[in-house]
Amino acid sequence: MRRLVVGNWKMNGLSAPAAELARAVAAGAGDGPPDLVLCPPFTQIAAVAAILAGSTVAVGGQDCHPEPAGPHTGDISAPMLRDVGARYVILGHSERRAAHAENDGLVRMKAIAAARAGLIPIVCVGETEAERDEGRAEPVVASQVAGSLPEDFAGILAYEPVWAIGSGRTPKAGEIAGMHALIRARLVQAFGAGGKEMPILYGGSVKGANAASIMEIPEVGGGLIGGASLVAAEFLAIAAAARSFPGT
Ligand code: 13P
């Protein structure tokens, strides 16, 4: 399977620059199997989807509500994302876990809602710096994996150590390899053969300059990119690095 490179634009993207960025990524993405995803803010999904139509770049949301519709002021449901052209949705990002008190149970319900709507969930896990310093990184991540995934999960995982996000710091290759191996073991335990195939993305300060050294780590199935996804040339450099490795 080719490595997947997902751009998480977070709360960035007014109409004109969002369209420009999407156009530049689509133009540079080339042909071949779709292995790139852009996740703009909700307000830009329809416009970005229209720009990316016919390209090898897919669109995703950054969150969804567990219910398909109803009295939830300010929320967006999975069918709404699908309706405007999204194929993926990021769930349980650490910024949502921290700022919106999202716990594993809620992320699990959102993953169920996403799959029901025909979206591919990208479920994020990752330890904080304090948890790592206390030597608890592995049990924390293992418990997030166990608690955040529904029994029939068929999506994508993203390991994003919270302290690596936006900090310019990345774990050592061995640390990423160790955590991805742990996640893989848990996925195989929970989902059998299906768990062997699920991509596990790495996220946290991935740039064009370090992408190749991260993509070559065993069990890294691609990247979830924040800041560098806001610059077309950087995002495309990461995509090129990902594409330079044969599928796993
Ligand atoms: P940065 O790439 O800016 O570190 O962000 C990572 C991230 O949170 C992607 O979801």
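All values below come from the heavy atoms of this structure, side chains included, with hydrogens, waters and symmetry mates left out. Just follow the structure's listing: the first ligand is 1, and inside any ligand the first atom is 1. The model shown is predicted, which means the values in this text are computed figures rather than measured ones.
Among residue pairs with one or both ends in residues 134-191, those qualifying as ring-ring contact (aromatic ring centres under 6.0 Å, His included) are Tyr159-His180; sequence neighbours excluded.
Judged by distance alone, the side chain of Gln62 and the main-chain N or O of Pro40 form a donor-acceptor pair under 3.5 Å. A donor-acceptor pair is defined here as one N or O able to donate and one able to accept, closer than 3.5 Å; no such pair exists between the side chain of Asn103 and the backbone of Gly147.
Two residues are said to be in side-chain contact when any heavy atoms from C-beta on lie closer than 4.5 Å; Ile112 and Pro66 fail this criterion.
Checked for salt-bridge contact, Glu160 and Arg97 miss the test: no charged N lies under 4.0 Å from a carboxylate O.
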Find all protein N or O atoms under 3.5 angstrom from an N or O atom of ligand 1 and list the pairs with distances, or write 'none'.
unit_1   : atom_1 : unit_2 : atom_2 : d
ligand 1 : 2 (O)  : Gly226 : N      : 2.9
ligand 1 : 3 (O)  : Gly227 : N      : 2.8
ligand 1 : 4 (O)  : Gly166 : N      : 2.6
ligand 1 : 4 (O)  : Ser205 : N      : 2.7
ligand 1 : 5 (O)  : Lys10  : NZ     : 3.4
ligand 1 : 8 (O)  : Lys10  : NZ     : 2.8
ligand 1 : 8 (O)  : His93  : NE2    : 2.8
ligand 1 : 8 (O)  : Glu160 : OE1    : 3.4
ligand 1 : 10 (O) : Asn8   : ND2    : 3.0
ligand 1 : 10 (O) : His93  : NE2    : 2.9
ligand 1 : 10 (O) : Glu160 : OE1    : 3.2
ligand 1 : 10 (O) : Glu160 : OE2    : 2.9

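At most 12 non-hydrogen atoms from other residues, nucleotides or ligands lie less than 6.0 angstrom from CZ of Arg87.
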